[in-house]
Each structure stands twice: as C-alpha cells, then as structure tokens.
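Not measured: the values here are computed from a predicted model.
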Amino acid sequence: MGSQDNNVALSSSSFLADKSAKVFVAGHRGLVGSAIVRKLNQLGFTNLILRSHAELDLTHQSDVEAFFASEKPEFVIVAAAKVGGIHANNTYPADFIAINLQIQTNVIDSSYRHGAKKLLFLGSSCIYPKFSPQPIPEDALLTGPLEPTNEWYAIAKIAGIKMCQAYRIQYKWDAISGMPTNLYGPYDNFHPENSHVLPALMRRFHEAKVKGAKEVVVWGTGSPLREFLHVDDLADAVVFMMEKYSGLEHLNVGSGKEVTIKELAELMKEVVEFEGNLVWDSTKPDGTPRKLMDSSKLATLGWTPKVSLKDGLVDTYKWYLENVNL
C-alpha cells in the first residue's frame, strides 16, 4: 500500500463523544445493518437516520444526493448490499456487480460531498483470491484469481475498498473499510435452497425435529474448517473501528476460531435438541478445506470477539423460533 497514511493510525473524529450526532446506517434491515442499529441504540445514540429500500433506493444517484443534501449525516456506515449464494451469483451476475457498484459509489461519494466526518464500508471475505494463504491476511488482496462463483460480487466489494482508499488519498477524508468473515445471527437468511451452511443446518435440524425424523444427512465428510462470527460481535467491531481506526488499509473482522463442519453440525444438533442421528454423505463434495481470516491487526488495536459459537447458536435459534415461519 506504500507509505500513504500507513495502516494503523488512530481516528481523529471521536464517534462515541456525541451520541446525538446524525448516523446513517445504510441497509439497516439486513443481517448486518440490524445488528449495528441494535448496538447503537444500546449505546444511547439518539439520532440514527434509517431509510428502507422503499423510502430510498440507494442505486438512484439523484435520490441519494438529495437525501444527503437534506439530512447531512456526520457518520455513515455502509451495510447495504445485494447478497446471495452461489446459485444467485451464477444466475444474476449483472445484478450483483451493477447494484453493488451503484449503492456504494452513490453513498460514498455523497457522504464525502455533503460533509460526513467518517465513513465505514463493509465488505466480505470473498474479496480474497481463491487460493489465499491461510489464515488470510489483508495483504492477500489482489494477489491471485477470485473464486469464479462470486467474482461479480467480490469485484464490486474490492472497488468499494479502493474507492475509500482513493478518497482518503485525494481528499484526506476519513473513509475506512472492514471485511467480516462468515456471519450469522438474527435476521439471517434461512431459505431452504440459497442460505449459507450455518442457517441451512439450523433449519434442517429444526424441520427434522418437528417431523420426528430419524436422521439428518449432511453432505461431505464434515472435515472442512470454517470461521463464524455472530453479527453482534461485528456490530461491536464496527463501533470500535469508527472510534479507533483511521487507516488506508481495510481490516479483517473475524472470530479467529475455526470449527469443522462436523463440530458445527454436532453443536447445532445439541442446540436444536434433535434426538435423531447425524449421517455424513461422503460421496458428496466437501468444498474448500479451510477458510480462516487473519484478524490480528484488529486484535492488536484492542478488539476481540465476545460471543462464543454455542451462545451465538442458542441466541440465533431463539430468534429463528420466534420469527421464521415454516
């Protein structure tokens, strides 16, 4: 990244000093945005600016410009994105690159032009090359080809990181980026076909329990290692970065703890209280053997996650039972 601004400088504008400051959380109804809003409310912020998609379409530049001209938020957190699984990315590649580029370009540019003090752009671990070193450090970015199944989304997110860096370099503006690992928690996507592994397992065990099934069959051997972070931990990290970090380089946000898919499934079985058997179909593919982010830079700054996987699963299952219609 060169010597520009180096990577770990402390933030000049205190985020937590004025709880009445206007904070715009873009994407406040999603998994990530809703957790950030919960956290800011807990901390006593009184002037959150929230707009649903129906109220403000972030892909429309003129609407976004008018919103910022009117509201003039002091702090902006970009948690809005079009997200989806492998099937969705393969089917709608134009949507994934265009919509995400539009959202982040409009919000980042309008934030700068209308005087926001600081902006945090959130991305995803899919920005890294398919064959990254493990754990994946921040400087693995752009060192090799991406995973082809979600490169449209990844390219947009990489552009967002670079846009924040460019505005920092050219305008001396405090735009930072955070890249979370696999997230889970309330408001996750529990769709039977296109959800991620953790909510998919939760739904399958719950449905098997309700039906009194004798077994749940899971693809593969259960040996791949994965990392999961509860969204409440991410929200805590977002507040930490808004308060403490002001650097050119993006920061990884992970739990730093690996779990095999087998361990995850067994823990899920216990949390859901499914009494049947867990069966592994080893004729089916396992996927990438290991995917872990190196979050040591954020840890060095003083942030570490607090929610254990077991506690996080209990919390998520409680939300699932109260909110997901079967």
### Message
Using side chain to side chain contact (heavy atoms under 4.5 Å, CB included), reason through Glu138 and Tyr128 one step at a time and then give a plain yes or no.
### Response
CA-CA 9 Å; Glu138 284 89 351; Tyr128 291 113; 4.1 Å; yes
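- Glu215 places no side-chain N or O within donor-acceptor distance of the main-chain N or O of Val279, the cut-off being under 3.5 Å.
- Residue Met268 is grouped with residue Phe190 when hydrophobic side chains (ILVMFWY) are merged at heavy-atom distances under 4.5 angstrom, including chains of intermediate members.
- You'll find the side chain of Glu227 reaches within 4.5 Å of the side chain of Met293, heavy atoms only.
- Between the side chains of Gln165 and Lys162, at least one donor-acceptor pair of N or O atoms lies under 3.5 Å.
- Here CG of Asn89 is found 9.0 Å from NZ of Lys82. Values are rounded to the nearest 0.5 Å.
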### Task
Using the side chain to side chain contact (heavy atoms under 4.5 Å, CB included) rule, take Trp173 and Leu119 through it: C-alpha gap first, then chi angles, then the decisive distance, then the call.
CA-CA 9 Å; Trp173 182 54; Leu119 176 141; 3.7 Å; yes
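- Remark: side-chain polar atoms of Ser70 are not paired, donor with acceptor, to backbone N or O of Ala66 under 3.5 angstrom.
- The two residues Val83 and Phe96 make their nearest non-hydrogen contact at C-CE2, 3.5 Å.
- Annotation: side chain of Leu198 is not in contact with side chain of Asn182 (no heavy-atom distance under 4.5 Å).
- Within a 6.0 Å radius of CZ in Phe131, no more than 12 heavy atoms belonging to other residues, nucleotides or ligands are found.
- Taking 4.0 Å as the cut-off between side-chain N and carboxylate O, Lys39 and Asp232 do not count as a salt-bridged pair.
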### Query
Can Phe68 and Val76 be said to form a side chain to side chain contact (heavy atoms under 4.5 Å, CB included), step by step?
CA-CA 10 Å; Phe68 273 89; Val76 177; 3.9 Å; yes
### Query
Between Phe240 and Leu298, does a side chain to side chain contact (heavy atoms under 4.5 Å, CB included) hold up when you go through it step by step?
CA-CA 9 Å; Phe240 180 88; Leu298 188 55; 4.0 Å; yes
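- A distance of 6.0 Å or more separates the ring centres of Phe75 and Phe24.
- Looking at heavy atoms from C-beta onward, Asn47 lies out of side-chain contact with Val23 at the 4.5 angstrom threshold.
- The ring of Tyr184 has its center no closer than 6.0 angstrom to the ring center of His196.
- Gly254 and Pro305 get closest at one heavy-atom pair: O-CG, 4.2 Å.
- Side-chain contact of Glu55 with Ser52: a donor-acceptor pair under 3.5 Å is present, judged by distance alone.
- Between Arg290 and Pro135, the shortest heavy-atom distance links the atoms NH1-N, 4.3 Å.
- The closest side-chain heavy-atom distance from Glu273 to Lys209 is below 4.5 Å.
- For the atom pair Ile155 CD1 and Ile158 CD1, the distance stands at 5.0 Å (nearest 0.5 Å).
- For the pair Asp236/Lys306, a side-chain contact is recorded, criterion being any heavy-atom separation below 4.5 Å from C-beta on.
- We find that Arg113 and Glu65 are not joined by a salt bridge, their nearest charged nitrogen and carboxylate oxygen being 4.0 Å or further apart.
- Side-chain contact between Val107 and Phe121 is absent, with no heavy-atom pair separated by less than 4.5 Å.
- Considering Leu229, Leu183, Thr181 in turn, Leu229 is the only one that fulfils the side chain to side chain contact (heavy atoms under 4.5 Å, CB included) rule with Val253.
- Side-chain contact, Tyr167 with Asp109: a donor N or O sits under 3.5 Å from an acceptor N or O.
- Residues Val259 and Leu278 are members of one and the same hydrophobic cluster, defined by side-chain heavy-atom contacts under 4.5 angstrom among Ile, Leu, Val, Met, Phe, Trp and Tyr.
- Residues Leu234 and Val307 do not share a hydrophobic cluster, defined by chaining ILVMFWY side chains whose heavy atoms lie under 4.5 Å apart.
- Within the 4.5 Å cutoff, side-chain heavy atoms of Lys310 are placed close to those of Leu267.
- For Trp219, the CH2 atom is loosely surrounded, since the number of other residues' heavy atoms within 6.0 Å does not exceed 12.
- Taking the six-membered ring for Trp and the full ring otherwise, the centers of Trp152 and Tyr92 sit at least 6.0 Å from each other.
- The nearest pair of heavy atoms linking Ser282 to Thr221 is CB-CG2, 4.0 Å.
- Salt bridge status for Glu74 with Lys117: present, with a side-chain N to carboxylate O gap under 4.0 Å.
- Taking OG1 of Thr288 as the start and CD of Glu147 as the end, the distance is 6.5 Å to the nearest 0.5 Å.
- Note that the NZ atom of Lys19 and the OG1 atom of Thr46 stand 9.5 Å from one another [nearest 0.5 Å].
- The number of heavy-atom neighbours closer than 6.0 Å to NZ of Lys262, taken from other residues, nucleotides and ligands shown, is 12 or below.
- Here the CD-CD1 distance, from Glu266 to Ile261, works out to 12.0 Å after rounding to the nearest 0.5 Å.
- Residue Val64 is grouped with residue Ile108 when hydrophobic side chains (ILVMFWY) are merged at heavy-atom distances under 4.5 angstrom, including chains of intermediate members.
- Atom NZ of Lys297 and atom CG of Leu251 lie 8.0 Å apart (nearest 0.5 Å).
- Cluster annotation: Ile161 and Ile97 are assigned to the same hydrophobic cluster (Ile/Leu/Val/Met/Phe/Trp/Tyr, side-chain heavy-atom contacts under 4.5 Å, transitive).
- Of the possible polar contacts, one joining the Asn106 side chain to the Leu58 backbone as a donor-acceptor pair under 3.5 Å is found.
- The pair Asp315-Lys318 fails the salt-bridge criterion, with no side-chain N (NZ, NE, NH1 or NH2) lying under 4.0 Å from an Asp/Glu carboxylate O.
- For the residue pair Met242 and Leu120, the shortest heavy atom distance occurs at SD-CB, 3.6 Å.
- Atom CD of Gln61 has 12 or fewer heavy atoms from other residues, nucleotides or ligands within 6.0 Å.
- Of all non-hydrogen atoms in Ala208 and Phe274, the two that sit nearest each other are CB-CE1, 3.6 Å.
- Ser223 has its side chain out of reach of Thr260: every pair of non-hydrogen atoms, C-beta onward, lies at least 4.5 Å apart.
- Remark: His191 NE2 is packed, more than 12 non-hydrogen atoms of other residues, nucleotides or ligands lying under 6.0 Å away.
- No side-chain donor-acceptor contact under 3.5 Å links Glu71 and His114.
- In this model, no donor atom of one side chain and acceptor atom of the other lie less than 3.5 Å apart for Asn252 and Ser295.
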